[in-house]
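Here is the structure we will look at.
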Amino acid sequence: MGTPLGIYEKALPADLDWRSRLKMARELGFDFVEMSIDETDVRLTRLDWTAEERWDIQCAMHETGIRIPSICLSGHRRFPLGSPDLLVQAKGMSLMRKAIDLARDIGVRLIQLAGYDVYYEEKDVQTRHFFIENLRQACSWAAEKQVMLAIEIMDDSFMSSISKYLEIRAQIDSPWLQLYPDIGNLSAWPENNVGQELELGIAHTVAVHLKDTVAVSANFPGKFKNVPFGMGCVDFVGCLRTLKRNGYAGGFLIEMWSETAENPHQEIQDAVDFLRPKMKEAGYDIVG
């Protein structure tokens with residue numbers, strides 16, 4: 001059995017319907033697509049899909065043979081679980097419950113949560129408290145529906161390392177809360193010993209994002225999106241070898257934002273051509 005390789009929805013043309021999107025992913029050699037439910041009104045409406053719309057997604061997966069095993073739920077940037085505004089908190093929790101129900105209905109196994117207590121608001125002890133309390137409740141809902149939640153290591157100081165994830169995880173004793181490392185984000189924070197961080201989190205790692213980043217420095221905030229592969233700071237072979245040595249056998253997701261690019265097909269192909277030999281060098285045999 002080979003290692004599954006997936007592509008982020010936002011790498012594919014934005015104007016495609018789901019059958020066309022999954023078909024394109026298949027033609028590019030991918031095994032799965034990660035759905036995005038971000039802070040835009042357009043994608044947030046997916047949480048209110050009708051029963052017929054949910055069934056249609058299942059049919060599209062069956063017809064194309066391409067799975068949607070995960071949802072990237074970044075709508076909490078707009079409605080954060082740690083907001084001191086109780087109305088915003090309530091909206092964030094509503095999004096959480098709806099996302100869990102949607103995942104259950106369409107067969108998604110994993111919801112990736114952005115590791116932000118708040119994003120546009122000021123952080124303090126209270127925002128951390130609210131985030132943890134609300135995440136604990138979300139894990140109870142996830143357990144009821146047998147949907148896994150996994151926190152991504154972020155472009156934000158609140159969850160910039162696996163060590164910080166483990167501090168939160170220690171306060172929420174639930175097998176339904178796990179870890180979704182983004183090796184680009186993890187590598188961009190200079191205080192991180194990336195190999196050691198990956199080792200610390202291996203028992204909780206259920207999926208991995210692959211992207212390149214430009215590191216944070218004293219006079220530069222870092223660049224966490226749209227860095228061409230090979231032009232950033234990530235030691236892909238080193239990270240992949242560390243994961244392989246520690247027994248990681250799950251899927252990898254190429255995270256890109258080429259949905260409005262002039263030639264997204266070529267940009268995706270360039271990314272695959274860059275990553276495939278590095279994955280092979282690290283000992284991963286890609287399925288597609």
Side-chain angles (χ1 to χ4, degrees), residues 1-12 24-34 66-67 69-70 72 110 112 150 152-155 160-162 179-190 192-216 222-259 261 263-288:
M1 296 288 292
T3 300
L5 184 65
I7 188 69
Y8 188 35
E9 174 194 340
K10 289 186 178 182
L12 302 167
M24 181 176 178
R26 184 186 65 197
E27 291 169 350
L28 287 164
F30 292 104
D31 305 292
F32 64 94
V33 172
E34 183 167 271
I66 298 298
R67 301 175 294 119
S70 57
C72 175
L110 177 69
Q112 178 245 295
E152 183 182 22
I153 303 307
M154 300 306 301
D155 57 345
S160 58
S161 69
I162 290 172
L179 173 66
Y180 197 143
D182 180 313
I183 65 171
N185 291 343
L186 189 64
S187 299
W189 295 98
N192 288 338
N193 181 323
V194 177
Q196 184 178 63
E197 288 288 308
L198 291 170
E199 291 163 357
L200 286 172
I202 196 66
H204 302 283
T205 299
V206 293
V208 176
H209 271 167
L210 298 175
K211 74 177 183 192
D212 216 340
T213 51
V214 178
V216 174
K223 186 175 182 182
F224 293 87
K225 292 176 66 173
N226 296 316
V227 177
F229 283 93
M231 301 299 289
C233 65
V234 178
D235 177 357
F236 287 98
V237 175
C239 290
L240 292 165
R241 279 183 167 157
T242 299
L243 290 166
K244 183 71 173 179
R245 171 171 53 81
N246 284 276
Y248 179 72
F252 290 93
L253 190 285
I254 297 177
E255 189 174 30
M256 299 175 62
W257 293 267
S258 49
E259 62 181 351
N263 192 347
H265 188 289
Q266 187 59 54
E267 289 193 20
I268 294 167
Q269 190 61 57
D270 289 345
V272 173
D273 290 346
F274 174 85
L275 288 168
R276 188 179 292 273
K278 289 174 172 50
M279 299 185 79
K280 184 175 181 180
E281 184 178 348
Y284 285 106
D285 180 22
I286 301 302
V287 175

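- Contact between P264 and A11 at its shortest, heavy atoms only, is CB-O, 3.7 Å.
- For the atom pair L210 CG and L240 CG, the distance stands at 6.0 Å (nearest 0.5 Å).
- Inter-residue side-chain proximity for F30 and I268 is flagged as met; some heavy-atom pair is nearer than 4.5 Å.
- Between the NZ atom in K10 and the OG atom in S258 there is a gap of 12.0 Å [rounded to 0.5 Å].
- Looking only at side-chain heavy atoms (C-beta outward), P190 and N192 stay at 4.5 Å or farther from each other.
- Side-chain contact between T213 and C233 is present, with at least one heavy-atom pair separated by less than 4.5 Å.
- In this pair, F224 and W189 present their aromatic rings tilted. The plane angle is within the 30 to 60° band.
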*For K211 and D182, run salt bridge (Lys or Arg N to Asp or Glu O under 4.0 Å): C-alpha distance rounded to whole Å, both residues' side-chain angles, the deciding distance at 0.1 Å, then the answer.*
CA-CA 7 Å; K211 74 177 183 192; D182 180 313; 3.4 Å; yes
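- Taking 4.0 Å as the cut-off between side-chain N and carboxylate O, R241 and E281 count as a salt-bridged pair.
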*Step by step, would you call L198 with N246 a side-chain contact (heavy atoms from CB on, under 4.5 Å)?*
CA-CA 9 Å; L198 291 170; N246 284 276; over 6 Å; no
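- In this structure, V237 and A282 approach most closely via the heavy-atom pair O-CB, 4.3 Å.
- For the residue pair H265/E27, the side-chain donor-acceptor check at 3.5 Å is not satisfied.
- Using a 4.5 Å heavy-atom threshold, the side chains of P181 and T205 count as touching.
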*asked:* For E197 and N193: C-alpha separation, side-chain torsions, deciding distance, then whether side chain to side chain donor-acceptor pair (under 3.5 Å) applies.
replied: CA-CA 6 Å; E197 288 288 308; N193 181 323; over 6 Å; no
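- Closest heavy-atom contact between L186 and S161: CD1-CA, 4.1 Å.
- At a threshold of 4.5 Å between non-hydrogen side-chain atoms, the residues E152 and H209 count as touching.
- Side-chain polar atoms of Q266 and D270 form a donor-acceptor pair below 3.5 angstrom.
- Ion pair R245/E199 flagged as a salt bridge, since at least one NZ, NE, NH1 or NH2 atom sits closer than 4.0 Å to an Asp/Glu carboxylate oxygen.
- Using cut-offs of 30° and 60° on the angle between ring planes, the pair Y8 and W257 is perpendicular.
- In this structure the side chain of L179 reaches within 4.5 angstrom of the side chain of I153, judged on heavy atoms.
- Residues K280 and D285 are not paired through a salt bridge, judged by the lack of any N-O separation under 4.0 Å between the basic side chain and the carboxylate.
- With Y248 as the aromatic partner, K244 does not meet the cation-pi criteria of under 6.0 angstrom to the ring centre and within 45 degrees of the ring axis.
- Here D235 contributes atom CG and D212 contributes atom CG; the two are 10.5 Å apart, rounded to the nearest 0.5 Å.
- Y284 meets the ring pair (Phe, Tyr, Trp, His ring centres under 6.0 Å) test with F252; sequence neighbours excluded.
- Interatomic distance, CG of L253 versus CZ of F32, reported as 5.0 Å (0.5 Å rounding).
- The minimum heavy-atom distance between V194 and S187, with the atom names listed, is CG2-CA, 3.8 Å.
- Taking the side chain as every heavy atom from C-beta outward, L12 and I7 approach each other to under 4.5 Å.
- Distance check, rounded to the nearest 0.5 Å: CD1 of I66 to CZ of R26 gives 7.0 Å.
- When only modelled atom types and interatomic distance are considered, S70 and Q112 share no side-chain donor-acceptor pair under 3.5 Å.
- Nearest heavy-atom pair, L110 versus A207, reported as atom, atom and distance to 0.1 Å: CD2-CB, 3.9 Å.
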*List the steps and the verdict of side-chain contact (heavy atoms from CB on, under 4.5 Å) for V272 and I254.*
CA-CA 8 Å; V272 173; I254 297 177; 4.0 Å; yes
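- Between the CG atom of N226 and the CE atom of M231 there is a distance of 13.5 Å, given to the nearest 0.5 Å.
- Side-chain contact annotation: E267 with N263, donor-acceptor N/O pair under 3.5 Å absent.
- Between E255 and K225, the closest side-chain pair of non-hydrogen atoms is not below 4.5 Å.
- Pairing each heavy atom of P277 with each of D273, the nearest pair is CD-O, 3.1 Å.
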